[in-house]
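Please read the structure below before turning to the comments.
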Amino acid sequence: MSQGFSIELYFDPALENQVLKAWNVLARRQISTQLIEMESRPHISLFSTPFLDPGKLESVVKSFASKQEPLPLSFSSIGAFPNENNLLFLAPAPTMALLQFQAQLSGAIKKEGIEIGEDFKVDSWIPFCPVAQQVPKARISEAFCVLRELKLPVSGYAMEIGLVEFSPVREHFSFGLGNSIET
């Protein structure tokens, strides 16, 4: 049974590979394998809710994505939410562009009559990219040491936005942002 739905921001291949490298190192050390096992993709969650009709959001997200440009991102620090999930994450520099992106998406979702949960309201949203979940308390410091070897900051672009159902992760749809950046 589904635990919920999430609108996620996805990265360019080089930035995605940097995040996957962190996932794989933590998995090899047997610290955390959950994100790999649930077939997640490196992302920043922009919105999440326990119940949703995916069809209700597809045209909203498609229209929103078409009006956006790829978004520069720079993961500059490591953090943790020490709770029952013991989640470790890479934190992007909270640029005005990133904050406005999420605020505009929230506004578009609200117009559809979908309630924005407290964690995703404009004044309380914390952008983060999960790198480990369910880390045993006794191994959190080891996980931080492993993540410090990443040589932050790692930078790139957010290129795509999608709706997933979890867990396990199942993508309902995704759309590229505006025009692709030529490299």
Side-chain angles (χ1 to χ4, degrees), residues 5-28 32-48 54 57-81 87-109 120 122 125-133 143 146-183:
F5 296 86
S6 181
I7 295 178
E8 298 181 344
L9 192 59
Y10 300 125
F11 316 135
D12 67 77
L15 184 56
E16 184 170 291
N17 283 334
Q18 290 294 318
V19 176
L20 287 171
K21 186 168 36 170
W23 290 13
N24 289 322
V25 170
L26 292 166
R28 276 195 305 277
S32 175
T33 58
Q34 190 175 19
L35 291 165
I36 295 169
E37 289 169 1
M38 68 193 292
E39 299 179 22
S40 187
R41 185 174 165 191
H43 67 277
I44 295 172
S45 292
L46 300 167
F47 167 79
S48 190
L57 275 185
E58 188 167 1
S59 64
V60 173
V61 173
K62 184 176 186 176
S63 172
F64 177 79
S66 72
K67 296 173 189 159
Q68 304 300 316
E69 291 299 317
L71 193 61
L73 294 173
S74 180
F75 294 109
S76 52
S77 61
I78 303 162
F81 294 123
L87 174 77
L88 273 58
F89 59 85
L90 296 176
T95 63
M96 188 56 74
L98 177 59
L99 298 173
Q100 287 176 338
F101 185 95
Q102 193 272 343
Q104 290 169 1
L105 177 65
S106 291
I109 292 168
F120 295 93
V122 174
W125 178 64
I126 299 170
F128 66 91
C129 174
V131 290
Q133 289 182 178
V146 167
L147 292 173
R148 276 198 290 269
E149 294 170 12
L150 277 180
K151 296 177 179 49
L152 296 177
V154 291
S155 299
Y157 290 87
M159 302 293 291
E160 200 178 331
I161 186 173
L163 177 73
V164 298
E165 187 172 350
F166 56 91
S167 167
V169 173
R170 183 171 72 88
E171 186 176 282
H172 282 269
F173 56 78
S174 67
F175 303 104
L177 300 180
N179 301 320
S180 297
I181 290 182
E182 299 296 321
T183 52

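One is the number of the first residue; the rest follow in order along the sequence.
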Query raised in the report: Does the pair L163 and V61 meet the rule for a side-chain contact (heavy atoms from CB on, under 4.5 Å), with working shown?
Result: CA-CA 9 Å; L163 177 73; V61 173; 5.9 Å; no
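- When all heavy atoms are compared, the tightest approach of I44 to P92 is CD1-CG, 4.0 Å.
- Counting heavy atoms from C-beta on, the side chains of F120 and S45 come closer than 4.5 Å.
- In this structure, F101 and L46 have side chains that are in contact, with non-hydrogen atoms separated by less than 4.5 Å.
- A distance of 9.5 Å separates CE in M159 from CD in E69, rounded to the nearest 0.5 Å.
- Distance check, rounded to the nearest 0.5 Å: OH of Y157 to CG of L9 gives 14.0 Å.
- Scanning both residues, L15 and D12, for their nearest heavy atoms gives N-OD1, 3.0 Å.
- Scanning all heavy atoms of the two residues, the minimum distance from S40 to V169 falls at CA-CG2, 3.9 Å.
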Query raised in the report: For N17 and F11, what are the C-alpha separation, side-chain angles and deciding distance, and is it a side-chain contact (heavy atoms from CB on, under 4.5 Å)?
Result: CA-CA 9 Å; N17 283 334; F11 316 135; over 6 Å; no
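- Proximity of F75 to P153: side-chain heavy atoms (C-beta onward) are nowhere separated by under 4.5 Å.
- Closest non-hydrogen pair, S74 versus S155, comes out as OG-OG, 3.1 Å.
- If you take OG on S174 and NZ on K62, they are separated by 11.5 Å, rounding to the nearest 0.5 Å.
- The shortest side-chain heavy-atom distance between L88 and I78 does not fall under the 4.5 Å cut-off.
- In this pair, Y10 and H43 present their aromatic rings perpendicular. The plane angle is above 60°, beyond the 30 to 60° band.
- Minimum heavy-atom separation, P70 to L177: CD-O, 3.7 Å.
- Taking a 6.0 Å sphere around CD1 of I36, one finds it holds more than 12 heavy atoms contributed by other residues, nucleotides or ligands.
- Q133 places a side-chain heavy atom less than 4.5 Å from the side chain of L87.
- Not counting sequence neighbours, E39 has no partner by the salt bridge (Lys or Arg N to Asp or Glu O under 4.0 Å) test.
- Going from atom CD1 of I161 over to atom CZ of F64 covers 5.5 Å, rounded to the nearest 0.5 Å.
- When all heavy atoms are compared, the tightest approach of A93 to L98 is O-CD2, 4.2 Å.
- Two residues are said to be in side-chain contact when any heavy atoms from C-beta on lie closer than 4.5 Å; L152 and L90 meet this criterion.
- No side-chain heavy atom of F175 sits less than 4.5 Å from a side-chain heavy atom of S66.
- Paired with V164 under the rule side-chain contact (heavy atoms from CB on, under 4.5 Å), one option of E171, R41, H172 passes, and it is E171.
- Side-chain contact between L35 and P130 is present, with heavy atoms from C-beta onward closer than 4.5 Å.
- Residues passing the side-chain contact (heavy atoms from CB on, under 4.5 Å) test with S106, sequence neighbours excluded: Q102, I116.
- Annotation: side-chain contact (heavy atoms from CB on, under 4.5 Å) contacts of V60 (sequence neighbours excluded): L57, A108, E112.
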Requested in this report: Show your working on side-chain contact (heavy atoms from CB on, under 4.5 Å) between L26 and L147 and close with a plain yes or no.
Outcome: CA-CA 8 Å; L26 292 166; L147 292 173; 3.9 Å; yes
